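One structure is given here, and the rest of the page talks about it.
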There are 2 protein chains.
Amino acid sequence: MPRPREFEPDTVLNVAMLRFWERGYRATSIEDLVKATGVKPGSLYSAFPGGKHALFLKSLERYSKLVVPEKLGELEASGASVAEIRGYFDGLVRDLLSPEGRQGCLLVNTAIEKAAEDDGAAAVVRGHLARLERCMTHALENAARRGQVRASLDCPGSAKLLVATCQGLMVVGKANPDEALLRAIVDNAFAALG
Amino acid sequence: MPRPREFEPDTVLNVAMLRFWERGYRATSIEDLVKATGVKPGSLYSAFPGGKHALFLKSLERYSKLVVPEKLGELEASGASVAEIRGYFDGLVRDLLSPEGRQGCLLVNTAIEKAAEDDGAAAVVRGHLARLERCMTHALENAARRGQVRASLDCPGSAKLLVATCQGLMVVGKANPDEALLRAIVDNAFAALG
DNA sequence: GTTGTTCTTGAATGAGCGCTCATATATGTT
DNA sequence: AACATATATGAGCGCTCATTCAAGAACAAC
């Protein structure tokens, strides 16, 4: 009996995610989303109770579920090893050097912009970092078993370092998207495993 | 003959720097600075032509000149070696774990918040990263000469990696200020030099 | 066709934003 | 005292922000 909804909430959420990703939380206004989607403020607020902040948290979760797996690729597979870690880093570098990828990672940006003042956002970021660390640890353990890394390597510790390295890669890449610099960082990170 | 100025511009600049550091560019309003300093908008704008953005750039430069040298400490000395790099990293970890230091580094925060849209700010950030890289390279070369690192170490490349690592440390520390985690990152970064 | 329910609309709200300007004020010189 | 000059003041500019709400509109059930 009710009037049917004329827009797809997921479409709005997708636009919101992209805007938050590109410009950050504070720099993205509801007006932006209204213009980009054609959905008027009233409809937007009734579809997303909690307003802008709720929309932001949902965007973070959507990013985790849709974008992150795409970036991780085979690194999340159970057989992943050094090659898959390398593939992930190479993907990061490629993204940072491309015009569309300069925005970096929504979750890293959020860690800097909002983690200190927004526990909900910080929790999503921590979940992401933990997930990354899990992949890296698993891949390093596989590598150790196959003799692809030095025997003395502390796999869980090195995984934590690799996670930090890729966050750092994104900070450096954002200020200075220089291919030689980014490749040197990645190469030396891998040299340290051998 | 003119009426003398009743406030010290450097005091205002210092407050601005602290606010931008703690809360970021967008989240800091002129009204904030007016309240914090007692200096009224008109006086503020006449003392800092260019408004909020000029005040921000001046804050970045002030940070580079006053705060950064304090954090770098002996790492900028010509005799610096592995111990000084270690000292710098330990200082970062200490800061990230303390209530006052959770804001991280103004220049890293700026890299994420504004580098993509603000060339002036990005240039200051790049200058900072270059300075860090220079220190690290120099310290690693000293270390190599003293046999404190493995002979095969690529000093300039490892310096780039160390710079990225400390940026990553700050991202991780902001989302998850966990001592064991941060120490593990630092320990493994140094293990890789050995 | 009437009713009930949900959705859409877009003007309106009040607060806050960065910034300006006419006016008042404090000085050294004459 | 009167003046010239640089500063201080703070109300107020036009705008944007996130958010709300009363009114109209589209459907299914009856």
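The structure displayed is predicted, hence computed values, not measured ones. Proteins come first, then strands; the chains are lettered A, B, ... in the order of their sequence lines, and each starts at number 1.
- Side-chain proximity of B/P41 to the nucleotides C/dG18, C/dA11, D/dA11 is greatest for D/dA11.
- In this entry the distance linking CZ of B/R5 with P of C/dG28 reads 17 Å, nearest Å.
- Per the geometry, CZ belonging to B/R19 stands 12 Å off P belonging to C/dC17, to the nearest Å.
- At D/dT19, one or more side-chain N or O atoms of A/Y45 fall inside 4.0 Å of OP1 or OP2 (strictly under the cut-off).
- If you check the side chains of B/K114 and B/N109, you find no donor sitting under 3.5 Å from an acceptor.
- With ring centers used as reference points, A/F89 lies under 6.0 Å from A/F190.
- To the nearest angstrom, P of D/dT19 lies 8 Å from NZ of A/K52.
- Between B/K35 atom NZ and C/dC17 atom C1' there is a gap of 12 Å when expressed in whole angstrom units.
- Using a 4.0 Å heavy-atom cutoff across all strands shown, B/G42 reaches at least one base atom of the nucleic acid.
- Stacking of B/R5 on the aromatic ring of B/F7 is recorded, both the 6.0 Å distance cut-off and the 45° axial limit being met.
- Summarising the geometry, the separation between CG on B/L33 and P on C/dG16 is reported as 16 Å, rounded to the nearest angstrom.
- Under a cutoff of 6.0 Å and an axis angle of 45°, B/K52 and B/Y25 form a cation-pi pair.
- Per the geometry, CG belonging to B/D32 stands 6 Å off P belonging to C/dC17, to the nearest Å.
- Side chain of B/S43, nearest nucleotide from D/dG10, C/dG18, D/dT9: D/dT9.
- Summarising the geometry, the separation between CG on A/L44 and P on C/dG10 is reported as 14 Å, rounded to the nearest angstrom.
- Nearest nucleotide to the A/S46 side chain, out of C/dT8, C/dG18, D/dA18: C/dT8.
- Across all strands, B/I30 comes closer than 4.0 Å only to sugar-phosphate atoms, never to a base (heavy-atom distances).
- The pair B/K71-B/D95 meets the salt-bridge criterion, since a charged nitrogen lies less than 4.0 angstrom from a carboxylate oxygen.
- Each of D/dC17, D/dT19, C/dG18 was ranked by its minimum atom distance to the side chain of A/E31; first place goes to D/dC17.
- Residue B/K40 places its side chain closer to D/dT9 than to any other of C/dC19, C/dT8, D/dT9.
- Rounded to whole Å, atom P of D/dA18 lies 11 Å from atom CZ of A/R26.
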